[in-house]
Amino acid sequence: MNSLKEEYVFEPFKVTEVKFRGSESPRPRSGHRIVCDDVNIYCFGGYNPVLPLNSIQRVDATWSPQRPLFKELWSYCIATRKWKQHKVVQNMPEELASNAMCMNGRFLMIFGGTGAPFGNKCSNDVITWRTNPGDAKLEILEVSGTRPPGQYGQSILCHDGYFYTIGGTNGFAYNCDIYRLDLRTMIWEPVFVGTGQEGEPVGRYRHEIARVGNKLYIIGGGTGEWAFELMEIPVYDLDTHSWMVLTPKADDTLKNTLAPLPRKCHSAVQIDTETGVQVFVVGGSDGQSMFEDVWRLNISDMQWNLMQKTVLPHPLYFHSSTITSYGCMYIFGGIEPKDEATSRNNTLYKVWVCIPKLSEICWDAMLSFHPNLDQIDKKTLLNIGVPIHFVERMHFK
């Protein structure tokens, strides 16, 4: 037992790099998006203006120096630590940087995005993909009504039968407008369109959204020149159709930086815990500096806390993050400082942001002890006592 303890240590709140298995993985990128269920992480699109020659010469590579975008959809199996590229051909868009993506049941929902050069062409299509290993088709939803303009850098979410998009830019103008698509009728309608009146939030892109009940919390974001405060959080109430601005409390346990600095191009995830909804903000940039910090916002009392044990190995922005239902956050890709310049990466980090059930810790340990568990068939795993919901994460259909 002592030797096992030395091999596996469960370390909550510590960022660790995930070592991939298998022969393929996405190339370094920024401006992509990831989402997850409890089985797979899904990665769509991305941008990289410079790639190593051996990377460019990959079979079926769609990247070129003239069009440095990735026409790619990948899934990463959390249990096996293997990436798989889905050979999606139909309806793959040209606008593949700073899309927005979320999950709605078993479907990926992809919206917006820009081609290169940025802002030259922007999308306002809603594209879906059923999370099926054999499905090679993206579907562009046929919609009517008042569609939002083509943009990138917006935030999206699905709630109560509606698909919402908030904010974004066409590369020149920025807004905080809210539109929603009724997923039952496929009709778009504006929820809020700014007119410049007092009390409206400033237009922005590359912000993040948290939702609690019928309230939408806008976390940061910016324009080409500015990054907005995280100590002022615009909140839109879907019931009253009104804005308010909340001022969170700073972390009074710290001596120096008591509150998160303004930022854009960060990532944020949310999870329900026993103490309420928690939002975790990772990295980002204010336009000059890049950040490696992780902050937690407790929505119930609007309290910021710096996760002092949770620090990225290096500053990071234009990355993407997602979180499982059991509290494991994953961070992928992005831009990092390197040798007095910047470069993009394809590193995947994981961090437990809460203490999960003991069964999840045991499953995590089992995968660490037996990395080739996926080579054992489903029936055998069930016969040796592995719970079916863990077996189905390994043998997803």
Side-chain angles (χ1 to χ4, degrees), residues 15-20 22-34 41-74 76 81 83 85 95-99 101 113-120 152-153 171 205-206 208 220-222 224-225 227 261 263-268 281-294 310-322 329-351:
V15 177
T16 59
E17 182 178 340
V18 179
K19 301 298 183 184
F20 305 147
S23 59
E24 59 176 1
S25 63
R27 289 161 290 177
R29 64 196 60 204
S30 62
H32 57 290
R33 294 291 188 174
I34 65 171
I41 298 169
Y42 303 94
C43 177
F44 182 80
Y47 168 81
N48 193 341
V50 180
L51 284 178
L53 183 61
N54 60 349
S55 179
I56 297 173
Q57 292 177 337
R58 270 190 181 181
V59 177
D60 296 328
T62 59
W63 185 98
S64 72
Q66 293 74 35
R67 303 188 72 258
L69 300 164
F70 296 109
K71 286 188 173 184
E72 295 177 352
L73 172 62
W74 293 80
Y76 171 83
R81 304 201 309 275
W83 284 101
Q85 184 175 358
E95 303 82 14
L96 294 157
S98 286
N99 312 80
M101 184 164 70
T114 179
F118 299 153
N120 222 20
Y152 62 98
Y205 92 129
R206 295 302 305 208
E208 296 289 337
E225 294 77 30
L261 295 172
R263 67 193 65 199
K264 57 186 176 181
C265 312
H266 51 293
S267 65
V281 173
V282 180
S285 170
D286 62 4
Q288 301 295 325
S289 301
M290 293 177 280
F291 306 119
E292 71 273 12
D293 52 2
V294 179
T310 309
V311 182
L312 296 171
H314 45 71
L316 196 63
Y317 69 115
F318 276 120
H319 56 288
S320 189
S321 296
T322 188
M329 179 169 65
Y330 290 88
I331 305 155
F332 180 71
I335 302 175
E336 61 185 67
K338 190 173 183 181
D339 299 330
E340 299 182 358
T342 58
S343 66
R344 287 152 177 85
N345 72 60
N346 61 347
T347 305
L348 180 67
Y349 298 105
K350 66 180 285 189
V351 53

Look up atom [atom1] in [X] and atom [atom2] in [Y], then write down how far apart they are to the nearest 0.5 Å.
X: His266; Y: Phe291; atom1: NE2; atom2: CZ; result: 10.5 Å
X: Lys350; Y: Ser321; atom1: NZ; atom2: OG; result: 14.5 Å
X: Met290; Y: Thr342; atom1: CE; atom2: OG1; result: 6.5 Å
X: Ile335; Y: Ser285; atom1: CD1; atom2: OG; result: 9.0 Å
X: Thr16; Y: Tyr349; atom1: OG1; atom2: OH; result: 10.0 Å
X: Arg263; Y: Leu261; atom1: CZ; atom2: CG; result: 6.0 Å

Kindly say whether [Y] contributes a backbone atom to a donor-acceptor pair with the side chain of [X] at under 3.5 angstrom?
X: Arg29; Y: Gly45; result: yes
X: Arg33; Y: Ser320; result: no
X: Thr114; Y: Ala97; result: no

Nearest heavy-atom pair of [X] and [Y]: which atoms, and what distance?
X: Pro315; Y: Pro337; answer: O-CD, 3.4 Å
X: Arg344; Y: Ser30; answer: NE-OG, 2.7 Å
X: Lys19; Y: Arg81; answer: O-NE, 3.0 Å
X: His319; Y: Leu316; answer: CE1-O, 3.5 Å
X: Asn48; Y: Pro28; answer: ND2-O, 3.0 Å
X: Ile34; Y: His32; answer: CG2-CD2, 4.2 Å

Quiz item: Between Asn345 and Lys338, is any pair of side-chain heavy atoms under 4.5 Å apart?
Solution: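 Asn345 does not reach Lys338 side chain to side chain.
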
Self-check item: From CA spacing to verdict: ring-ring contact (aromatic ring centres under 6.0 Å, His included), Phe318, Tyr47
Solution: CA-CA 10 Å; Phe318 276 120; Tyr47 168 81; 8.9 Å; no

Quiz item: Should the pair Arg27 and Phe70 be classed as cation-pi, given the thresholds of under 6.0 Å to the six-membered ring centre and 45° from the axis?
Solution: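 Judged by the rule (NZ or CZ under 6.0 Å from the ring centre, within 45° of its axis), Arg27 is not positioned above Phe70.
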
Exercise. Begin with the C-alpha distance, continue with both residues' side-chain angles, and end with the deciding distance and a verdict on side-chain contact (heavy atoms from CB on, under 4.5 Å) for Glu336 and Leu312.
Key: CA-CA 11 Å; Glu336 61 185 67; Leu312 296 171; over 6 Å; no

Quiz item: Out of Trp74, Trp83, Tyr76, Phe20, which residue meets the ring-ring contact (aromatic ring centres under 6.0 Å, His included) rule with Phe332?
Solution: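 With Phe332 as partner, ring-ring contact (aromatic ring centres under 6.0 Å, His included) holds for just one option, Trp83.
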
Exercise. Given side-chain contact (heavy atoms from CB on, under 4.5 Å), test Glu292 with Val15 step by step and report yes or no.
Key: CA-CA 11 Å; Glu292 71 273 12; Val15 177; over 6 Å; no

Quiz item: Who are the salt bridge (charged side-chain N to carboxylate O under 4.0 Å, His left out) partners of Asp286, not counting sequence neighbours?
Solution: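 In terms of salt bridge (charged side-chain N to carboxylate O under 4.0 Å, His left out), with neighbours along the sequence ignored, Asp286 is linked to no residue.
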
